[in-house]
Q: 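Pasting a structure below so you can have a look.
Here, residue 1 is the first one in the sequence, and each next residue gets the next number. Read the numbers this way: they start at 1 and go in the same order the structure lists the ligands and their atoms.
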Amino acid sequence: MTAASPAHPDPSQPAPAGPDLWPAPYASGPVDATVTVPGSKSVTNRALVLAALAAEPGWVRRPLRSRDTLLMAEGLRTLGVRIEEGVGPDGTGEAWRVLPAPLRGPAAVDVGNAGTVMRFLPPVAALADGPVRFDGDPRSHERPLHGVIDALRTLGARIDDEGRGALPMTVHGAGGLDGGVVEIDASSSSQFVSALLLSGARFNQGVEVRHVGGRLPSMPHIRMTVDMLRAVGAKVDEPEHGGEPDVWRVTPSALRGRDLVIEPDLSNAQPFLAAALVTGGRVTVPDWPARTTQPGDELRRIFTEMGGACELTDAGLTFTGTGRIHGIDVDLGEVGELTPGIAAVAALADSPSTLRGVAHLRLHETDRLAALTKEINGLGGDVTETEDGLHIRPRPLRGGVFHTYHDHRMATAGAIIGLAVPGVEIEDVATTAKTLPDFPGMWTEMLGA
Ligand SMILES: O=C(O)C1=C[C@@H](OP(=O)(O)O)[C@@H](O)[C@H](O)C1
Ligand SMILES: C=C(OP(=O)(O)O)C(=O)O
């Protein structure tokens, strides 16, 4: 946390400017770069949980090492799991060796502001043999957790949250969990479903999760959970392969220890692809997977519609901008985490955009709809919040401070705008370390500075 940042990020309040300002580089010409993007946060944190719950040791290769994944690794270590630094089984590439062990309490887990840690670890803690205390950044107290807390209680866990339905809380692990059928409303976060499925094979009766409620966001992330569970040997029934709509079932079983290779984080590739679009340049991201459940893969379609062109070859994904950016009318409910970067590009387009289906972003790292509206308008833009998204009418922007509210994707959104608008300063750019260890360095290198 920096002196410039309020303890409770609230974009509805004026954010004081402070000394921690990063001058976002202005692009004097088209970028032409190859950018190697570190591993996916979502895949790394699922791989860690599944490896920790396995019946035998496993490997997580090319893991992302950022705040969210280091918090996940540390949380699992606190519960007794050994995670060692090492090279992979083939002798190349950095890897984590994960040695599962009986899960133990008492323990204390710091979730930071990581949705994956605050949602995926409480079901693991229910399997520990003692109390596990969960706490994190001030914002973690405001992010929804009721789906996980209520579900775990239904499945047999004892949780002390002093009636908050949120952090901080203590999960009183009893060495195992009955499991069974549970109904949850996961319309505020798909991570509720993923959390219960990831640990479900270790519950005595497995788990059947039934979503009841409004639209479930971020379906690709649930597919990612199902795919990765299957990769470690779990049996999963799900709606997309003949199952009942909104119902997922994981059969109780031992999980295998695998050699899991982490794909690049395609959502973190977003600002770099956006740089090609905004500057009329070209960016190649190596190792772009031919098939993936990551929502960032949708950028190929979305940024193409906004004016670029892309080609997937052995070298990776090459995205080329034309110098012209078009507005877009798009439902981002499945790929909500791409919204800040798309909003930034849309603010520089030649026609208005409507981004829909993302009301749940109000409960992300910060209220992203309010934050984007306030900060883009602070640079002279014309953004209005709708019930479930943003309406963006491009206007000539001017330089100024772009506040980030402890949100990595606000910082990268500001950097995108800074490519085209001289004098943009990003407050607390270090917040990008949540999912990218060195965003400013990568950005500067891309620009050849
Ligand atoms: O399961 C995951 O890894 C994620 C699911 C999504 O969460 P929500 O469904 O809460 O939006 C996404 O926004 C988040 O960045 C990562
Ligand atoms: C919503 C996000 O993160 P989290 O995993 O903390 O929910 C995100 O990375 O955009």
Q: Taking 4.0 angstrom as the limit and counting only heavy atoms of E365, give me the atoms of ligand 2 inside it, by number and element.
A: 1 (C), 2 (C), 3 (O), 4 (P), 6 (O), 8 (C), 9 (O), 10 (O)
Q: If the test is side chain to side chain contact (heavy atoms under 4.5 Å, CB included), which one of N113, L167, L363 qualifies with R143?
A: N113
Q: Would R356 and D329 pass as an ion pair if we require N to O under 4.0 Å?
A: yes
Q: Which heavy atom of L76 sits nearest to which heavy atom of A52, and what is that distance?
A: CD2-CB, 3.8 Å
Q: State plainly whether the residues D227 and R291 are in salt-bridge range, i.e. N to O under 4.0 Å.
A: yes
Q: Heavy-atom distances under 4.0 Å decide this one: backbone, side chain, both or neither, for R143 against ligand 2?
A: side chain
Q: T435: heavy atom below 4.0 Å from ligand 2, yes or no?
A: no
Q: Counting from 1, what ligand 2 atoms have a heavy atom of A114 closer than 4.0 Å?
A: 6 (O)
Q: Report yes if G115 has an N/O atom closer than 3.5 Å to an N/O atom of ligand 2; otherwise report no.
A: yes
Q: At a 4.0 Å threshold, what atoms of ligand 2 neighbour a non-hydrogen atom of K434?
A: 3 (O), 4 (P), 6 (O)
Q: Which ligand 2 atoms does E337 reach within 4.0 Å, using its non-hydrogen atoms?
A: 8 (C), 9 (O), 10 (O)
Q: Is the shortest N/O to N/O distance between R409 and ligand 2 below 3.5 Å?
A: yes
Q: Answer yes when D161 and R153 have at least one side-chain N-carboxylate O distance shorter than 4.0 Å, and no when they do not.
A: yes
Q: For a distance cut-off of 3.5 Å, show me each N or O of ligand 1 paired with any protein N or O, plus the separation.
A:
from     : atom 1 : to   : atom 2 : distance (Å)
ligand 1 : 1 (O)  : R46  : NH1    : 3.4
ligand 1 : 1 (O)  : R46  : NH2    : 2.7
ligand 1 : 3 (O)  : S42  : OG     : 2.6
ligand 1 : 3 (O)  : R46  : NH1    : 2.9
ligand 1 : 9 (O)  : S190 : N      : 2.9
ligand 1 : 9 (O)  : S190 : OG     : 2.6
ligand 1 : 9 (O)  : S218 : OG     : 2.9
ligand 1 : 10 (O) : S189 : OG     : 2.7
ligand 1 : 11 (O) : S218 : OG     : 3.2
ligand 1 : 11 (O) : H360 : NE2    : 3.2
ligand 1 : 11 (O) : H364 : NE2    : 2.8
ligand 1 : 15 (O) : K41  : NZ     : 3.1
ligand 1 : 15 (O) : E337 : OE1    : 2.4

Q: Considering only NZ, NE, NH1 and NH2 on the basic side and carboxylate oxygens on the acidic side, decide whether E365 and R409 come within less than 4.0 Å.
A: no
Q: Just jot down the ligand 2 atoms closer than 4.0 angstrom to any heavy atom of K41, in number order.
A: 2 (C), 3 (O), 4 (P), 5 (O), 8 (C), 9 (O)
Q: Need the ligand 2 atom indices (1-based, order shown) with element for anything under 4.0 Å from a heavy-atom of H364.
A: 1 (C)
Q: Test K434 against D137 for salt bridge (charged side-chain N to carboxylate O under 4.0 Å, His left out), laying out the working first.
A: CA-CA 12 Å; K434 183 176 192 284; D137 295 358; over 6 Å; no
Q: Within the 3.5 Å criterion, strictly below it, is a donor on S187 or D185 matched to an acceptor on the partner's side chain?
A: yes
Q: I'd like to check whether D68 has a polar contact with ligand 2, where a contact means an N/O of the residue lying under 3.5 Å from an N/O of the ligand.
A: no
Q: Give a yes or no answer on whether the side chain of T279 reaches the backbone of V31 with a donor-acceptor pair at less than 3.5 Å.
A: yes
Q: Locate the shortest heavy-atom distance separating L369 from A359; write the atom from each residue and the value.
A: CD1-CA, 4.3 Å
Q: Judged by modelled atom types alone, do H391 and T354 share a side-chain donor-acceptor pair under 3.5 Å?
A: yes
Q: Can you check whether R368 has an N/O within less than 3.5 Å of an N/O in ligand 2?
A: yes
Q: Under 4.0 Å, heavy-atom basis, I'd like to know which part of N113 is in contact with ligand 2: side chain, backbone, both or neither.
A: backbone
Q: Does E238 come within less than 4.0 Å of R223, counting only side-chain N to carboxylate O?
A: no
Q: Are T225 and R46 linked by a side-chain donor-acceptor pair shorter than 3.5 Å?
A: yes
Q: Is ligand 2 less than 4.0 angstrom away from at least one heavy atom of H408?
A: yes
